[in-house]
Amino acid sequence: MLPAVARGHLGWFHPCARLSVRMSSAGIDRKGILAERVAMVTGSTNGIGFAIARRLAQDGAHVVISCQKQQNVDRAVAQLQREGLSVAGTVCHVGKAEDRERLVATALQHCGGVDFLVCCAGVSPLVGSTLGTSEQIWDKILNVNVKSPALLLSQLLPYMEKRKGAVTLVSSIAAYFPAVELGVYNVSKTALLALTRTLALELAPKDIQVNCLVPGVIKTDFSKVLHGNESFCKYLREYRQMQRFGEPEDCAGVVSFLCSPDASYITGENIAVAGLSSRL
């Protein structure tokens with residue numbers, strides 16, 4: 001039984017339809033292509049996650065955002081609501097079972113279900129070699145980056161399968177081009193590629209798609225260790241066709257597409273948004 005939501009939320013939108021089905025894209029206003037759908041985006045108060053939450057809301061979805069700090073949730077929700085978007089927020093450390101339960105309960109209480117899950121939350125607490133990493137750091141990175149998306153999805157599944165939804169995991173170009181300095185982070189993001197394929201097979205009979213966004217070097221606070229690393233950037237320049245770093249908005253439209261009816265026959269794909277010219 002999920003616990004009642006007692007605190008940690010802000011700015012609830014109007015109640016959503018209890019059930020929704022995938023609509024045909026024909027005749028739909030493109031600005032409202034996700035209208036009356038419900039999206040949950042973890043790690044979504046800044047950077048790529050925030051841009052995705054904003055875009056899904058702009059395209060008509062009701063969006064539940066979350067992160068570990070209440071002040072960041074409050075700030076992000078207030079900013080998006082000033083833009084006239086239907087968003088709400090709650091504190092959630094995705095590595096903690098009780099926080100995941102509260103996040104799910106929050107969405108169910110106010111919308112009755114979830115159509116789209118986007119897992120952006122991730123950590124890289126150590127810049128260093130893989131073999132020099134302590135067991136504690138291994139556990140922290142794998143718990144948040146790999147285990148938590150699967151565990152959160154397992155909690156949401158009874159509600160998502162009634163709505164024929166979509167899941168987007170967020171990996172990193174480090175899965176294809178590992179940086180020595182990122183060690184275990186590289187491993188965790190590579191694991192997400194396999195998790196995507198595995199979950200896509202498991203959930204295909206339920207008509208739930210699972211795809212993976214693979215951002216390149218996107219200009220965010222989180223990625224400073226990458227776009228500030230000259231050796232890594234030099235390595236990427238050999239493959240990059242577009243001579244710039246990406247912006248969070250470059251990722252947002254792809255996720256909105258993957259949630260839309262236009263992507264209803266796409267699953268198990270790892271989609272790079274990296275400005276690269278060679279096939280990964």
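In this chain, residues are counted from 1 in sequence order. These figures come from a predicted structure and were not determined experimentally. What you see below is based on every heavy atom in this structure, not just the backbone, and it leaves out hydrogens, waters and symmetry mates.
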Exercise for the section: Evaluate the side-chain contact (heavy atoms from CB on, under 4.5 Å) criterion for residues Val41 and Val63: first the C-alpha distance (whole Å), next the side-chain angles of each, then the deciding distance (0.1 Å), finally the verdict. Expected result: CA-CA 7 Å; Val41 187; Val63 181; 4.0 Å; yes

Handout entry: Heavy-atom side-chain contact between Val64 and Leu103 under 4.5 Å
Key = yes

Handout entry: Any donor-acceptor pair under 3.5 Å from Arg163 side chain to Arg37 backbone
Key = no

Exercise for the section: State whether the side chain of Gln81 and the backbone N or O of Val87 hold a donor-acceptor pair below 3.5 Å, judged by distance alone. Expected result: yes

Fill in the blank from the handout: Here the gap from Thr198 atom OG1 to Leu193 atom CG, rounded to the nearest 0.5 Å, amounts to 10.5 Å

Practice task
Just do the side-chain contact (heavy atoms from CB on, under 4.5 Å) check on Leu157 and Ile208 with the steps written out, would you?
Solution key: CA-CA 9 Å; Leu157 186 58; Ile208 295 175; 3.7 Å; yes

Practice task
Could you tell me whether the side chain of Asn211 and the main chain of Thr196 form a donor-acceptor pair under 3.5 Å?
Solution key: no

Exercise for the section: State whether the side chain of Asp115 and the backbone N or O of Gly165 hold a donor-acceptor pair below 3.5 Å, judged by distance alone. Expected result: no

Exercise for the section: Answer yes or no: is there a side-chain heavy-atom contact under 4.5 Å between His93 and Val144? Expected result: yes

Handout entry: Check: Thr42 side chain, Ala121 main-chain N or O, donor-acceptor pair, under 3.5 Å
Key = yes

Practice task
Taking all non-hydrogen atoms of both residues into account, name the closest pair between Leu156 and Val114 and its distance.
Solution key: CD2-CG2, 3.9 Å

Exercise for the section: Find out whether Ile65 and Phe50 are in side-chain contact, i.e. whether some heavy atom of one side chain is under 4.5 Å from a heavy atom of the other. Expected result: no

Completion exercise
SG of Cys212 to CG of Leu195, rounded to nearest 0.5 Å, is 8.5 Å

Handout entry: Ser260 backbone acceptor or donor facing Ser264 side chain under 3.5 Å
Key = no

Practice task
May I have all residue pairs that pass salt bridge (Lys or Arg N to Asp or Glu O under 4.0 Å) and include part of residues 79-92, sequence neighbours excluded?
Solution key: Arg54-Glu83

Practice task
Check Arg102 against Val91 and note the closest heavy-atom contact, atom names and distance.
Solution key: NH2-O, 2.9 Å

Completion exercise
Output for pair (Glu101 CD, Cys92 SG), nearest 0.5 Å, gives 10.5 Å

Handout entry: Donor-acceptor under 3.5 Å (Asn186 side chain, Ala179 main chain)
Key = yes

Practice task
Could you please spell out the steps behind the side-chain contact (heavy atoms from CB on, under 4.5 Å) verdict for Phe116 and Thr168?
Solution key: CA-CA 8 Å; Phe116 312 124; Thr168 305; over 6 Å; no

Exercise for the section: Kindly give the heavy-atom pair with the smallest separation between Cys119 and Pro149, and that separation in Å. Expected result: SG-CB, 3.8 Å

Practice task
Kindly compute the distance separating CG (Leu201) from OG1 (Thr267), expressed to the nearest 0.5 Å.
Solution key: 8.0 Å

Practice task
Mark yes or no for whether Asp59, through its side chain, and Ile33, through its backbone, hold a donor-acceptor pair below 3.5 Å.
Solution key: no

Practice task
Report yes or no: do Val180 and Val184 belong to one cluster of Ile/Leu/Val/Met/Phe/Trp/Tyr joined by side chain heavy-atom distances under 4.5 Å?
Solution key: no

Practice task
Kindly compute the distance separating CZ (Arg75) from SG (Cys67), expressed to the nearest 0.5 Å.
Solution key: 7.5 Å

Exercise for the section: Check the side chains of Thr45 and Asn72 for a donor-acceptor pair under 3.5 angstrom, ignoring hydrogens and angles. Expected result: no

Exercise for the section: Treat each ILVMFWY residue as a node, draw an edge where side-chain heavy atoms are under 4.5 Å apart, and state whether Val167 and Leu151 are in one component. Expected result: no

Problem - Closest contact, heavy atoms only, Ser256 versus Arg55 - result: CB-CG, 3.9 Å

Practice task
Taking the side chain as every heavy atom from C-beta outward, state whether Lys189 and Val214 have any pair of such atoms under 4.5 Å apart.
Solution key: no

Handout entry: Backbone of Gln209 reached by a side-chain donor or acceptor of Lys164 within 3.5 Å
Key = no

Exercise for the section: Of all the heavy-atom pairs spanning Leu192 and Val146, show the shortest one and how long it is. Expected result: CD2-CA, 4.3 Å

Handout entry: Asn46, Val94, Ile52 screened by side chain to side chain contact (heavy atoms under 4.5 Å, CB included) with Cys120, the one that passes
Key = Ile52

Exercise for the section: Identify, with sequence neighbours excluded, every residue that meets salt bridge (charged side-chain N to carboxylate O under 4.0 Å, His left out) alongside Lys147. Expected result: none

Handout entry: Non-hydrogen side-chain atoms of Cys259 and Leu56 separated by less than 4.5 Å
Key = yes

If you look only at distance, which donor and acceptor atoms sit under 3.5 Å apart when one is on a side chain in residues 134-142 and the other is two or more places apart or in another chain?
| from | atom 1 | to | atom 2 | distance (Å) |
| --- | --- | --- | --- | --- |
| Ser134 | OG | Ile137 | N | 3.2 |

Practice task
To the nearest 0.5 angstrom, please state how far the CG atom of Leu213 sits from the OG atom of Ser172.
Solution key: 10.0 Å

Fill in the blank from the handout: For Leu117 and Met160 the tightest heavy-atom approach is N-CE, 4.2 Å

Problem - Asn270/Tyr176 under side-chain contact (heavy atoms from CB on, under 4.5 Å): CA gap, chis, key distance, verdict - result: CA-CA 11 Å; Asn270 298 311; Tyr176 294 115; 3.7 Å; yes

Problem - Close side-chain approach of Val123 and Asn145, heavy atoms under 4.5 Å - result: yes

